[in-house]
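Please read these numbers as outputs of a predicted model, since none were measured by experiment.
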Amino acid sequence: MTTTPTTKRLKTSAMIASIAEEGQKTTPAPFGHALARAAEQNPAIVGLTADLGKYTDMHVFAQAHPDRFFQMGMAEQLLLGAAAGMAQTGLVPFASTYSVFAARRAYDFLCLDIAEPNLNVNVVGGLPGLTTGYGPSHQATEDMAIFRGMPNLTIVDPCDSVDIEQAVPQLADSEGPTYLRLLRGKVPTVLDEYDYTFELGKAKVLRGGADVVMVSSGLMTMRALAAAQELAKHHVDVAVVHAPTIKPFDAETVLREIDGDRLVLTLENHSVVGGLFETVASAVVRAGLGQRIVPVALPDEFLDAGALPTLHDRYGLSIKAVVAKVLAEL
Amino acid sequence: MNTLSTATTTTPAASPAERTRLVQEFAYRMRHHILDMGEVQGQGYVGQALGASEMFAVVYADQLNFRAEDPDWTSRDRFLLSTGHYAIGHYAALAEAGIVPVAELETYGSDDSRLPMSGMATYTPGMEISGGSLGHGLGVAVGTALGLRHQGSGSRVINFMSDGELDEGSTWEAAMGAHHHGLDNLTVLVDINALQADGKTDTVLRTEPVADKWAASGWFTQRVDGNDAAALVTAFDHAADPGQRQGRPVVILCDTRIGRGVPMLETREKAHFMRIEEHEWQLCREELTAGSEGQNR
Ligand SMILES: Cc1ncc(C[n+]2csc(CCOP(=O)(O)OP(=O)(O)O)c2C)c(N)n1
Ligand SMILES: [Mg+2]
């Protein structure tokens with residue numbers, strides 16, 4: 001039996017590691033505050049959680065509207081079954097848990113009780129993709145792959161606090177069920193620097209560029225923008241197209257951007273199987289384009305436990321790794 | 001019954017008082033390991049692990065049949081940690097049991113360690129299952145107990161779970177399955193620390209009356225002070241008595257105190273993630289040591 005040498009190694013830290021870079025501008029609990037605000041306009045909105053109110057920013061809503069908050073216990077099947085029942089009575093539930101438990105434990109309840117009758121239930125999943133170092137039990141690396149196969153379900157993968165704040169009222173207003181890949185706690189604020197507004201179902205060009213096109217969703221849009229700045233120093237001109245709505249997908253905008261001679265990459269905080277890469281790839285094939293696409297995505301593996309920066313480097317999601325990949329491809 | 005090849009080996013003839021003493025000492029040493037590991041991370045599930053130390057200790061120092069040098073020995077009893085985030089407590093027990101080197105504990109939760117924050121079988125010798133998604137252990141334990149019995153093994157299965165896991169429907173499916181299949185080789189320990197992620201258990205989901213529920217599901221049910229080593233030893237002795245057990249699976253409900261053994265943590269506001277400042281770790285150790293001296297050991 002070997003003992004590990006005592007050199008300083010990075011630590012896993014708490015269940016929810018921060019995704020903010022050092023010194024980055026952040027906004028506290030954007031989801032909780034946005035939901036509390038939306039609830040002032042819409043009396044039908046209610047909040048539910050499965051013993052993860054504090055960890056999904058639902059506690060902010062619970063404090064603002066205690067009589068409209070329902071703690072369901074650590075019982076995810078009940079969470080989504082009950083959300084369906086509440087929606088049947090005309091309410092608009094937002095139900096929060098971690099993405100892994102929404103996607104894996106409670107899938108059947110979301111599918112048959114919510115999606116099939118097309119109820120307006122909004123599922124809010126914390127720790128999407130690789131946003132915790134806890135290992136496969138908490139890393140929802142395949143949540144979009146699981147959910148993309150579910151008819152009626154809208155899937156939103158926001159980049160930052162701007163996306164989340166603007167998405168919440170639109171999710172409440174849209175018919176049918178939605179799934180939001182939540183970023184919580186001190187969430188980076190990035191898109192306010194761009195001429196951008198979130199529109200459900202729409203992809204947006206954040207910046208143009210002559211050499212490379214990056215199509216990204218979720219926190220990887222943040223990384224794409226940073227990588228683009230980095231690559232400019234190498235005289236590589238990078239365009240970034242942000243596609244926060246994974247389903248229904250804005251193929252028109254994305255195809256318009258990637259049809260041409262530029263190097264195309266997709267960037268997602270998700271497995272290379274069944275997420276943004278395959279969404280874009282299927283749109284390309286359907287349109288009869290012969291475009292090659294380089295995926296930046298998590299490998300089709302159960303991932304390691306460890307510190308998030310270490311893991312993002314290891315699996316190619318760090319800014320550094322993205323830059324290196326582009327330079328190698330050019 | 002214990003083939004443990006370390007200093008804590010008991011003989012079958014040891015008196016309950018002697019066994020209790022060994023469990024207490026094992027738990028005391030575990031608590032030091034827990035504080036040391038907690039300091040590495042700076043926070044974490046220290047409060048839970050301190051609270052559950054006697055539960056782990058009675059398993060490894062008194063009950064479990066295992067070989068420290070051969071954790072995969074086929075005739076071993078199986079100890080399943082359903083509550084993955086309690087791994088810090090389990091690692092302390094594995095170190096005391098001689099399965100993991102004590103020196104390795106300082107890698108807890110660090111990159112490339114065999115001791116991740118959330119317990120996983122693929123990482124750590126002596127870990128039977130990967131927890132983390134709560135409410136899995138008991139179902140797997142039912143299958144392990146069925147599989148062992150089916151193949152004529154006399155090995156026992158002990159599943160450790162938290163009170164939060166009583167919220168999950170999967171727990172009760174498994175409880176009914178164990179009764180239906182008459183699994184008297186299965187024992188469950190439930191840590192009732194009255195706490196969950198969002199707050200006190202009775203504010204998150206009222207699970208009481210817990211003992212009535214297990215009894216109604218067909219289990220031999222006992223409820224004890226989970227920090228009382230003597231009570232735990234006695235509960236296992238009752239469970240070993242066929243007259244009391246009557247062919248049923250066994251559950252021992254353990255009321256525990258978060259932070260047990262370190263008064264400054266016992267009285268701190270209960271939180272799923274207990275905050276402990278950098279300068280406090282040494283104070284915690286001193287309180288732990290002083291308390292054990294006060295107990296006159
Ligand atoms: C299926 C599942 N749902 C939710 C969680 C998130 N979670 C981690 S610990 C925890 C609290 C569960 O209660 P308990 O184990 O009694 O907590 P403790 O006593 O450690 O505070 C929750 C909800 C999880 N790990 N697994
Ligand atoms: Mg608990």
query = Does a side-chain heavy-atom distance below 4.5 Å link A/D304 with B/Y123?
reply = yes
query = For A/R105, which residues count as a salt bridge (Lys or Arg N to Asp or Glu O under 4.0 Å) partner, sequence neighbours excluded?
reply = B/E168
message = Using 0.5 Å steps for rounding, measure from the CG atom of A/D51 to the NE2 atom of B/H272.
response = 8.0 Å
query = Looking at B/T122, B/T171, B/L134, which makes the most heavy-atom pairs under 4.5 Å with chain A?
reply = B/L134
query = So B/Y45 and A/Y134, would you call those rings parallel, tilted or perpendicular, with 30° and 60° as cut-offs?
reply = perpendicular
request  = Return yes if some donor-acceptor pair links the side-chain N/O of B/D167 with the main-chain N/O of A/G73 below 3.5 Å, else return no.
outcome  = no
message = Strictly by side-chain hydrogen bond (donor to acceptor under 3.5 Å, both in side chains), give each pair with a member in residues 71-87 of chain A just once, sequence neighbours left out.
response = A/Q71-B/D198
Over 12 foreign heavy atoms within 6.0 Å of NZ, B/K270 = yes
ask   = Is it the side chain or the backbone of B/S130 that comes within 4.5 Å of chain A heavy atoms, both, or neither?
value = neither
task = Taking all heavy atoms of A/S137 and all of B/S118, pick out the closest pair and write down the distance.
result = OG-OG, 4.0 Å
ask   = Can you tell if the side chain of B/M120 reaches within under 4.5 Å of the side chain of A/P136, non-hydrogen atoms only?
value = yes
query = Taking only residues two or more places apart in sequence or in another chain, which ones pass salt bridge (Lys or Arg N to Asp or Glu O under 4.0 Å) with A/E21?
reply = A/R223
query = Any ion pair linking B/D111 and A/R314 (charged N to carboxylate O, less than 4.0 Å)?
reply = no
key: Over 12 foreign heavy atoms within 6.0 Å of NZ, B/K213   = yes
Proximity of residues 200-210 of chain B to chain A, residues having a non-hydrogen atom under 4.5 angstrom = B/T203, B/V204, B/L205
note = Applying a strict 4.5 Å limit to non-hydrogen atoms, the region of B/L166 in contact with chain A is neither
